[in-house]
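Input: a single structure, listed below in structure tokens.
As a basis for the values below, the full set of heavy atoms in this structure was taken, side chains included, without hydrogen atoms, waters or symmetry mates.
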Amino acid sequence: METKLPPASTPTSPSSPGLSPVPPPDKVDGFSRRSLRRARPRRSHSSSQFRYQSNQQELTPLPLLKDVPASELHELLSRKLAQCGVMFDFLDCVADLKGKEVKRAALNELVECVGSTRGVLIEPVYPDIIRMISVNIFRTLPPSENPEFDPEEDEPNLEPSWPHLQLVYEFFLRFLESPDFQPSVAKRYVDQKFVLMLLELFDSEDPREREYLKTILHRVYGKFLGLRAYIRKQCSHIFLRFIYELEHFNGVAELLEILGSIINGFALPLKTEHKQFLVRVLIPLHSVKSLSVFHAQLAYCVVQFLEKDATLTEHVIRGLLKYWPKTCTQKEVMFLGEMEEILDVIEPSQFVKIQEPLFKQVARCVSSPHFQVAERALYFWNNEYILSLIEDNCHTVLPAVFGTLYQVSKEHWNQTIVSLIYNVLKTFMEMNGKLFDELTASYKLEKQQEQQKARERQELWQGLEELRLRRLQGTQGAKEAPLQRLTPQVAASGGQS
Amino acid sequence: MAGAAGPGTGPGAAGGDGDDSLYPIAVLIDELRNEDVQLRLNSIKKLSTIALALGVERTRTELLPFLTDTIYDEDEVLLALAEQLGNFTGLVGGPDFAHCLLPPLESLATVEETVVRDKAVESLRQISQEHTSVALEAHFVPLVKRLASGDWFTSRTSACGLFSVCYPRASSAVKAEIRQHFRSLCSDDTPMVRRAAASKLGEFAKVLELDSVKSEIVPLFTNLASDEQDSVRLLAVEACVSIAQLLSQDDLEALVMPTLRQAAEDKSWRVRYMVADKFSELQKAVGPKITLNDLIPAFQNLLKDCEAEVRAAAAHKVKELCENLPTEGRETIIMNQILPFIKELVSDTNQHVKSALASVIMGLSTILGKENTIEHLLPLFLAQLKDECPEVRLNIISNLDCVNEVIGIRQLSQSLLPAIVELAEDAKWRVRLAIIEYMPLLAGQLGVEFFDEKLNSLCMAWLVDHVYAIREAATNNLMKLVQKFGTEWAQNTIVPKVLVMANDPNYLHRMTTLFCINALSEACGQEITTKQMLPIVLKMAGDQVANVRFNVAKSLQKIGPILDTDALQEEVKPVLQKLGQDEDMDVKYFAQEAISVLALA
């Protein structure tokens, strides 16, 4: 197998960043937009889960697993699993309370049993277990009650059947983690179709469910070697659909978090498939509107890749420059943050390749009227490593940013920005006084040249426009010509006039 | 590059090859390469001008290769390029050379960004029509094949949109190949490609021979409709509409209906939603017999679906479904098989379902006739008029005209009034706005007496609403009412009440008087305007609030053309002149504008 997972016993290992809860980015203003929104009346709806429920049978409590002799244990286990496959309507919270309680108790017992009793997981119970899990967790997720659901602002819809669902997930997890668990037996039931449905559940609006799914998928990836490539492929399909078709999928952050630890385990040299995933999936993910929800995890994945293979740096930085936000300042700050993370690990040989376009963009950020963007960009100069890279390449970097910095230092409305820029200019002066003086001297000349160029451009286009009009007039006589032949005629008659 | 002369030399030399010295391609290409995205974008948007300057020959040999080679740019620039190239056939020398445009468009059809790709496909479709049959096979079809076997999903999705434009004009051997390529895209490994293929399946089926539809398209349809991803399955429902139109009843029953029945009961609500959403199209496509046997029971299930989204989509289609039933036996079918389900929906737990139903339910009255409407529908209308959700009530009121034709509105007026009054006083101004917009319609149907008695006071109350949009709408409403009820009615009921507001202590209300006069003067005519309105307007010229004064100037400009010359010269002119000397800048400005527009200088 070309990939190995880090020996993380739990996905909440310190190696993956987002696994500790990601704090929401600071709000620009102190106002909560929520107060402006009127509270939506909760729409009652029933869940798709109960559509095919055949006539509900009455559940009766079975004896406890620990009370029966070992010879009857497995037969009872099967009956309990079958009991747990019965579904209840949780939107009607008073319906069939007794049945719900029987199932809850049975699930609790199963969780307990699979976690602590050795020798329970024999081959014949696998199909029953997977069937029970499938029946409970696999469902078409209901339509979102709020079509403009904003994961940062709105309260998510919680899954009403969570009291049972949680126990099923807990059971599933302990099943996978049991020392008796045999992937070679389970792979007959945990197949591609199963994994695909598992991945679809990541769109759940309930963060508790996604948290369980994340851990479970991580285990599945770790234990079923034959499913790894398939899981990676399906993840990239989900991302591509999210980027190019829907812009809506709740579990992106969780999937990226798992991928972060998967990338961490990639063997070197990286396979083309993995590089392609970085360039064609992870980089375009930056263009999505709701970037802030999963940016920390995404940036982690990107940096992981660069730490594995520095030659990808140019691709990544050019990609980020291509998707650089045009209007969303909040995203721009995130891009700058990610760029600094990348520069922290960049190799000087790679830096040389992208320094010019990169610092032109940084200069544009410094001139942003939004002071947070300008400030974030100027903080690059507080980074010792970046500063040393700039110093080593000052003959390229300085000319790329000087004009903008010089102009902004005279024009920016925010005093903090102006004084930060003065500091940067001072650093430049100390870095290379001679170059600094030359740039100052040529600044005015360049401004004049720019104006001259703009004038020439205007003249050029004016000339072209006149030419076009003359050509069109030239064809007035030839109007009867069929439409498709109109333009060749234009050229011909233009020549005669 | 030819000629070193810069721009601006010898513009008189505009002619076929004389262009070389005029605009060297290097200068133009520099513009297309400019570092500033905005300038690049501007240049690309004027690409046709550049091509015109170069002439057809050099556009083909120099400009297009440049464009093909340098396609790595901002998506916005690429989008503009893709769009331009769709209209470029003339600029490269007409249909004989249309194939020159294919290389750049082919690259554009493979980029990541969806809008660029879609635009490139659109342009390619456009250009395909300009190809000769020979060129189509020699150049266009190979391009489609290359895209269809591209290694990244973007090119394969783009290919899906091109099959139907080249198929009809291809030779039979090539046709077989094209079908083969389409088949493999329908079972592509990537769901994005399968979705693209599924969404073009109907379009492709339409250009195929009937035999191929039966032997090839139907199996593809069946497969896509049972895809593992619901996003693919739901697109097959759309294709179903087109395919059903092509088949005979027997073939339909045997080949398509099993799949459609399955879709209507799909475990994913998105697929069921799609069936509900496309119901009218499906109904028309399968014809009356299958509709009765299959679609009506399916529709009943959709109306009581467990997901509100599906119920709402189905409720929207109730009227169209009933309308499209064969006239013979229609009433019985509706009464026995549809109405019971509609009755349930009136008290649905979900407001979107109820309001979807309310937006179409009134339309049933014309189909069912007077007696059925009074006996069966009227109780439903009345229940919905009392619904807790304002949207439901509004939807009923906005469709009153349908009922009016069948049973007359009087039947409803007793229940209507409380509903209207409540909406008129709703806390949300958008609801108030909506009901105002139906006032002229209601007034027309309820008649002047009922209106004067019950609704007139509401209309006047809106004039002093605290939201400007409501006051504005109320003003327009008055104008429409006057157009309906005539000037005499206006003079007796509306005008006096409007004019009294000129003395209101609140300047916003005083301005409303002016706005009403602006709206009403034309409908009321010269006499009322001169005798009743003009004196009030003139008197308000002395108002202490500048906003009122400049609105006086604006009003005078507005009603001026209705007045006769005497009134203009003797009454309006002096007042405007005085306002023209006002201390407030805006008052001065509008007074002077009025003077010049009315030619009183």
Within 6.0 angstrom of B:E76 CD, more than 12 heavy atoms from elsewhere: no

When you measure from the centre of the six-membered ring of A:Y244, is the NZ or CZ of B:R117 closer than 6.0 Å and no more than 45° off the axis? yes

Would you say that A:W461 contacts B:I50 through its side chain, given a criterion of any heavy-atom pair below 4.5 Å between the two side chains? yes

Looking at OH of A:Y323 and CD of B:E112, how far apart are the two atoms once the value is rounded to the nearest 0.5 Å? 5.5 Å

Pick from A:Q234, A:K360, A:E465 with the largest number of heavy-atom pairs that fall under 4.5 Å of chain B: A:K360

So what's closer than 4.5 Å to chain A heavy atoms on B:Y273: side chain, backbone, both or neither? neither

State whether the side chain of A:T140 and the backbone N or O of B:W269 hold a donor-acceptor pair below 3.5 Å, judged by distance alone. no

Any idea which heavy atoms bring A:E245 and B:M192 closest together, and the distance? OE2-CG, 3.2 Å

First locate atom CD of B:Q229, then atom CD1 of A:I238, and finally report the distance between them rounded to the nearest 0.5 Å. 8.0 Å

Around atom CD of B:E344, are there more than 12 heavy atoms of other residues, nucleotides or ligands at under 6.0 Å? no

So for B:S231, is it side chain, backbone, both, or neither that comes closer than 4.5 Å to the heavy atoms of chain A? both

When every non-hydrogen atom of B:R270 is compared with those of A:L141, the smallest separation belongs to NH2-O, 4.5 Å

Say you draw a straight line from OG1 of B:T190 to NZ of A:K233; how long is it, rounded to the nearest 0.5 Å? 7.5 Å

Look at B:V37, B:D75, B:D230 and state which one has the largest set of heavy-atom pairs under 4.5 Å with chain A. B:D75

A:R139 side, atom CZ; B:S268 side, atom OG - distance, nearest 0.5 Å: 13.0 Å

Residue, of B:R195, B:K46, B:E228, that accumulates the most heavy atom pairs under 4.5 Å with chain A: B:R195

Would you sort out whether A:Q276 and B:W152 count as a side-chain contact (heavy atoms from CB on, under 4.5 Å), showing the intermediate values? CA-CA 10 Å; A:Q276 198 172 49; B:W152 190 241; 3.8 Å; yes

Take a 6.0 Å sphere around CD of A:Q458 and say whether it holds more than 12 heavy atoms from other residues, nucleotides or ligands. no

Pair B:E74-A:K322, salt bridge (charged side-chain N to carboxylate O under 4.0 Å, His left out): steps then yes or no: CA-CA 7 Å; B:E74 299 264 343; A:K322 177 175 152 93; over 6 Å; no

Within a reach of under 6.0 Å around CZ of B:F88, are more than 12 heavy atoms found that belong to other residues, nucleotides or ligands? yes

Quick one, A:R241 and B:P191 - any side-chain contact, counting heavy atoms below 4.5 Å? no

For A:K289, does the NZ atom sit with more than 12 other heavy atoms under 6.0 Å from it, leaving out its own atoms? no

Quick one: what part of A:K453 sits under 4.5 Å from any heavy atom of chain B, side chain, backbone, both or neither? neither

